[in-house]
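See structure below.
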Amino acid sequence: MPPSPTQIMAEQYDHEELERRWRDRWEADGLYRSEVDWDRPKHYALTMLPYTSGDLHIGHWYAMAPSDARARVMRMKGFNVLFPIGFDAFGLPAENAAISSNVHPAIWTWENIERMRGQLRTMGSMFDWEREAISADPSYYVWTEWLFRRLYEGGLAYRGEAIVNWSPVLQTVLANEQVIDGKDERTGAPVEQRKMEQWFFAITKYAEELLDFSTIDWADPVKVMQTNWIGRSEGADVVFTTEAGEEIPVFTTRPDTLWGATFMVLAPEHDLVDALTSNDRRAAVDEYREATGRRSEIERMEVDREKTGVFTGGYAVNPVNGEKIPVWIADYVLLSYGSGAIMAVPAHDERDFAFARAMNLPIVPVIHPAEADPLDGDTMTESYVGPGVMVHSGPINGVETTDAKGRESPSVAAAIDWLGSNGLGKEAVNYRMRDWLISRQRYWGAPIPMLYRADGTIEPEQNLPVILPEDLVVTGGASPLTTDEAFLAATDSKGEPATRETDTLDTFMCSSWYQYRYLSPHFDAGPFDPEEAAYWLPVDVYTGGAEHATMHLLYTRFFTKALRDLGVFDETAAVMESHGRDPTGLFDEPMLMSRNQGQILGEERTGDRLVIAGEWDEDRFVATSVRVEDNAPVDAAPVVGELLEHIDGSLQVATGEGVVTVEVPDDADIEIPGTMAPNEVSQLREHVATQRMSKSRGNVVNPDELVERYGADTVRTHLMFAFDWEKGGPWNSHGIVGSRRFIEDVWKLGTTEYEPTTVSEDTSAALRRLAHQTIQKVDRDMMAFKWNTAVAALMTLRNRMLDERTSREVSTEAWDEAVSILLLLLAPIAPHITEELWHRAGNTDSIHLQAWPEADSVVATDPTVTLVVQVNGKVRDRIEVAPDIDEDAATAAAMASERIQTYLEQGEVQRVIARPPGLVNIVIG
RNA sequence: GCCGGGAUGGCGGAAUGGAAGACGCGGCGGACUCAAAAUCCGCUGGGCGCAAGCCCGUGUGGGUUCGAAUCCCACUCCCGGUACCA
């Protein structure tokens with residue numbers, strides 16, 4: 001028997017040679033250059049730009065490869081696609097590297113970019129590198145500065161006060177992550193909460209508009225989180241007065257309970273605390289304020305925490321009834337929320353109640369609960385927040401109160417109206433969201449282009465850019481900008497000497513507008529070229545980490561709205577109109593659609609199994625020898641188990657009976673098979689739990705090694721296949737072989753000749769049916785960001801094709817069509833191998849320039865479907881029926897089923913639920 | 001604490017009111033091989049049964065429904081964010 005074509009040895013799949021060859025070819029051909037073409041529909045796909053952390057890790061691939069694949073599908077669907085990349089290059093880690101490794105932030109950053117570029121290229125993504133933008137490049141940050149100036153001139157940037165982490169030892173401000181337990185992580189010195197002058201953006205002016213998501217398709221959880229973050233609440237501003245006549249404004253959502261206010265609480269940092277504090281209370285107040293400075297905001301907001309606070313000795317007058325009430329300070333009141341002061345109504349507020357009970361303050365109920373006895377302030381055990389009728393409340397006595405918020409509740413409406421007509425307060429809306437603090441007392445960031453004149457006035461620098469000097473040394477103390485004479489010396493617009501601002505900009509500002517810089521990174525007449533922007537804007541689909549839900553994704557929305565109002569898009573709108581594109585609403589939001597992936601965590605790793613000899617010394621075990629042995633039985637030595645942790649020469653070992661602490665003296669024998677003697681304790685492998693990858697944990701998965709071993713196509717396919725993308729999860733190094741086998745099978749299918757023996761029309765039709773169903777499935781899933789099921793559908797097609805290659809019953813036409821569909825659908829996911837096989841099949845132009853396959857719905861329709869027959873909800877039979885079967889016929893078929901008969905005899909048929917063609921449920925009783 | 005998300009075989013996951021476990025990893029059995037790897041074929045949620053088949057099963061406890069992994073209520077644990085990590 002002559003060898004069948006399938007038996008001919010297929011050419012070896014050499015991923016390395018093939019992938020490199022095609023990447024070079026694509027680059028030489030300019031395959032991924034995106035240029036404005038008003039005759040074609042555009043698609044701007046964007047993946048969050050990476051921070052220049054050093055090496056790309058698997059998480060970057062996880063974020064970018066699917067994003068790239070989807071952009072490729074859009075391109076095959078006929079869109080002119082822009083898919084750019086760049087680097088978020090300013091930020092704290094560069095300064096940390098400067099301190100720990102004595103390398104300048106600029107050098108560290110540019111070297112990292114160089115390395116990351118190379119790594120990104122191996123991904124085979126369709127990035128248009130000619131649009132690369134880097135936020136730390138002067139050609140970029142000149143426009144960051146320029147935009148700051150526009151916001152300042154437009155009244156959206158202002159100087160204000162904020163509390164910062166101040167390290168008295170380092171004489172600088174620390175990031176929250178640098179503060180551990182109230183201490184500086186580097187020096188261990190206590191950190192103070194200090195009020196400082198800072199620059200802010202007035203994002204709260206846009207709070208209302210930011211609550212409107214009606215024009216964008218973003219993930220629901222993000223919309224909910226942003227809505228809660230903004231935290232709109234309705235109520236009233238009411239002014240209390242101190243005995244000295246100073247005003248204490250408060251915001252309250254419950255102005256109807258003003259008559260129940262029995263005390264006030266100010267944030268310990270509140271400006272009036274000093275004035276209110278009596279001499280005999282000063283020591284206690286000062287001590288409490290200092291203690292508060294050591295607590296984080298998260299700690300302070302914990303509702304369940306035991307309430308603390310001190311009396312200032314001062315009193316305020318309740319404007320509604322003229323009563324004198326004591327003023328306290330407590331850390332549960334935050335300076336940054338509302339006015340930093342509250343009226344306390346312990347009878348009807350949970351936290352106020354807890355505070356009043358803890359401090360023995362009076363509790364006066366002003367709501368008579370519906371359908372219950374009146375409340376008694378002395379005996380209540382918890383605050384009452386439900387509906388009822390107002391009592392002891394002067395003009396609003398007898399008014400109903402409900403669970404509704406704001407004016408919806410009659411009592412709140414009545415109180416607001418009464419306060420208004422008596423000039424004691426007015427209706428107000430408060431937001432939890434604060435203005436955006438953009439000042440950083442740091443070196444490695446875009447300079448804030450402002451000048452301080454000798455007379456104390458300020459003005460923006462007109463000569464941009466303000467270049468960040470790169471000849472300074474980062475010490476970890478105060479920013480070197482604050483002492484650099486050459487940087488500080490400036491000239492104002494009148495030619496007078498002035499001093500430069502030394503704060504730099506929050507890196508979130510750099511990343512709030514990068515989607516615009518990508519359009520024309522070399523454009524020097526503005527932040528972006530209106531000719532490009534008019535065509536490409538807005539971003540059609542944005543993907544990135546779910547961890548950016550509130551901050552980055554809110555900031556970038558604000559930024560776009562602000563730029564719109566400042567007229568930055570006016571010229572772009574004019575260009576749009578000249579091309580017949582209506583710009584209405586196109587600059588209200590930066591990204592029309594947004595979806596977010598989860599995080600890839602480090603792989604869980606078991607520690608070495610240790611066999612330890614020695615003897616017990618009370619509750620610890622002192623080792624004479626430690627041996628690594630994978631399958632050692634539990635009774636091989638006194639202590640046998642997995643190494644969990646290694647701390648200062650002692651080992652934590654998980655044995656069958658719990659965790660044992662093992663002391664390992666210097667003279668103990670240590671034996672690790674497969675390593676060179678002498679062995680040391682430090683060579684033992686500890687257990688690593690799944691958690692975020694970091695260099696210090698040693699659990700970073702390096703994509704370079706995976707690419708070298710399996711090829712970029714396999715790595716891309718696997719990342720899209722092995723996870724629920726929106727969820728993420730721990731990396732598992734074992735599963736990738738399955739994706740590699742899939743790619744190898746595709747190689748086999750694409751490189752071996754197919755020749756049928758006896759063609760079966762049914763088998764051919766069945767393969768065609770599956771191929772066209774696969775088109776439907778893959779198309780739907782890729783559009784819906786369900787990469788894993790798209791790849792699974794392709795694997796299913798692969799499985800069937802391998803079967804039919806053996807059966808040889810499929811016609812050549814059906815076979816060739818299936819191969820072509822498989823390659824075209826896989827091309828966006830595995831761009832290299834599909835390009836190679838496409839060319840081997842005799843095509844001369846790139847597979848990535850082909851049209852996305854369209855399913856023939858007639859070919860894809862199944863001739864029969866399975867009807868599930870249930871009795872009382874349990875599956876008892878399955879019958880093949882026509883897909884268009886009606887209710888009566890389905891019921892008849894189900895009742896006629898042989899297997900069902902025994903069940904029908906067991907009782908009366910009560911009901912039949914028919915959901916043709918899939919299900920009939922017979923309820924018997 | 002607050003806001004958002006999650007929990008399904010040994011593992012990653014699929015199924016968003018109608019067949020639980022698609023697809024893949026791993027495992028088990030077999031073929032090929034002197035042998036191993038690779039590859040190929042078969043099986044693979046748990047239990048009972050010679051079998052036909054039956055029972056149980058989606059973090060926990062309750063509920064709605066003819067029918068619940070999916071909807072509702074209460075809870076447990078895990079992940080992300082919490083305003084200077086990005």
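As the structure is a prediction and not an experimental result, all values here were calculated from the model. A note on names: the letters A, B, ... follow the listed sequences, proteins ahead of strands, and every chain is numbered from 1.
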Item to complete: Taking atom P in both B:G46 and B:C40, compute the distance separating them and give it to the nearest angstrom.
Response: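 Pairwise P distance, B:G46 against B:C40, rounds to 25 Å.
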
Worksheet item: Between A:Trp218 and A:Arg557, is there a cation-pi geometry (under 6.0 Å to ring centre, at most 45° from the normal)?
Response: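 Yes; both conditions hold, so A:Arg557 lies above the ring face of A:Trp218.
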
Discussion item. Tell me whether A:Arg432 forms a cation-pi arrangement with A:Trp229, defined as NZ or CZ under 6.0 Å from the six-membered ring centre and within 45 degrees of its axis.
Written reply: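 Checked: cation-pi criterion met.
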
Worksheet item: With a 6.0 Å cut-off on ring centres, are A:Tyr555 and A:Trp436 close enough?
Response: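 Under 6.0 Å, so yes.
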
Practice prompt. Please check if the distance between the ring centroids of A:His718 and A:Trp731 is under 6.0 Å.
Written response: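 Yes, they do, as the ring centres are separated by less than 6.0 Å.
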
Worksheet, complete the sentence: Reading nucleotides 3-27 of chain B from 5' to 3' and marking B where a protein heavy atom lies under 4.0 Å of the base, S where only the sugar-phosphate is that close, and - otherwise, the string is SSSS----SBSS---BBS-BBSSS-

Item to complete: Measure the distance from CZ on A:Arg911 to P on B:U65 and round it to the nearest whole Å.
Response: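 The answer, rounded to whole Å, is 11 Å.
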
Fill in: Separation of atom CG in A:Asn596 from atom P in B:G81, rounded to whole Å
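Rounding to the nearest Å, CG of A:Asn596 and P of B:G81 are 13 Å apart.
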
Worksheet item: With sugar-phosphate meaning primed atoms plus P, OP1 and OP2, does A:Met48 contact a base, only sugar-phosphate, or nothing at under 4.0 Å between heavy atoms?
Response: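 No contact at all - A:Met48 keeps every heavy atom at 4.0 Å or more from the nucleic acid.
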
Practice prompt. Select one nucleotide: of B:A83, B:G80, B:A86, the one nearest the side-chain heavy atoms of A:Arg434.
Written response: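 Between B:A83, B:G80, B:A86, the one nearest the side chain of A:Arg434 would be B:A83.
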
Fill in: No-hydrogen, no-angle side-chain donor-acceptor test under 3.5 Å, A:Thr866 and A:Arg878
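There is no such pair between these side chains.
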
Worksheet entry | Any A:Tyr903 side-chain N or O less than 4.0 Å from OP1/OP2 of B:C54 |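 Looking at the OP1 and OP2 atoms of B:C54, one of them is under 4.0 Å from a side-chain N or O of A:Tyr903.
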
Practice prompt. Output yes when at least one side-chain N/O atom of A:Lys874 is less than 4.0 Å from OP1 or OP2 of B:A68, else no.
Written response: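 So the side chain of A:Lys874 is outside the cut-off, no N or O lying under 4.0 Å from OP1 or OP2 of B:A68.
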
Practice prompt. On RNA chain B, check which nucleotide each of A:Arg440 and A:Glu744 is closest to and give me the residue with the more 5' one.
Written response: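 Checking each residue's closest nucleotide, the 5'-ward one belongs to A:Glu744.
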
Fill in: Along RNA chain B (nearest heavy atom to each residue), the more 5'-positioned of A:Ser439 and A:Asn872
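Counting from the 5' end, the first nearest nucleotide belongs to A:Asn872.
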
Worksheet item: Now, which nucleotide makes the Watson-Crick or G-U wobble pair with B:U82, with each of the two distances under 3.5 Å?
Response: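 B:U82 is paired, partner B:G1.
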
Worksheet item: Excluding sequence neighbours, so at least two apart, what forms ring-ring contact (aromatic ring centres under 6.0 Å, His included) with A:Phe558?
Response: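 Counting only residues at least two positions away or on another chain, A:Phe558 forms a ring-ring contact (aromatic ring centres under 6.0 Å, His included) with A:Tyr206.
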
